Amino acid sequence: MPIYEYACDDCGARYEQIVLSKGTKISCPKCASRRHTLQLSVFSAQAKGSSREAAGNGDSLPSGSCCGMGGCN
Ligand SMILES: [Zn+2]
């Protein structure tokens, strides 16, 4: 089933929503706002791994990072 990631336009929260149909109402779990921006292709781009780090926050991890979690030197 399709899961889309949204960013709330009002409070900036990011959340994922399972969209069962086009009529699914999306609202922010934090502020209940209906205004949101769909975050395209994040999910599919990261589907091969379980890492959420690169997808989420715009944190600029070094692309050569071996683990991305800061646990290795
Ligand atoms: Zn919100």
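From a predicted model like this one, the values you see are computed outputs, not experimental measurements. Each ligand, and each atom within it, is numbered from 1 in the order the structure gives.
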Number of protein N, O or S atoms [distance to the Zn ion (ligand 1) under 2.8 Å] = 4
Separation between CD of Q39 and OH of Y6, rounded to the nearest 0.5 Å = 10.0 Å
Kindly state each residue pair satisfying side-chain hydrogen bond (donor to acceptor under 3.5 Å, both in side chains) with at least one member in residues 17-33, sequence neighbours excluded.
-> D10-S33
Rounded distance (nearest 0.5 Å) linking atom SG of C11 with atom CZ of R35 = 11.0 Å
Minimum heavy-atom distance between C31 and C28, given as atom pair plus value | N-SG, 3.4 Å
Rounded to the nearest 0.5 Å, what's the gap from CD on E16 to CD1 on I26? Could you check?
-> 12.0 Å
Nearest heavy-atom pair of R34 and H36: which atoms, and what distance?
-> O-ND1, 2.9 Å
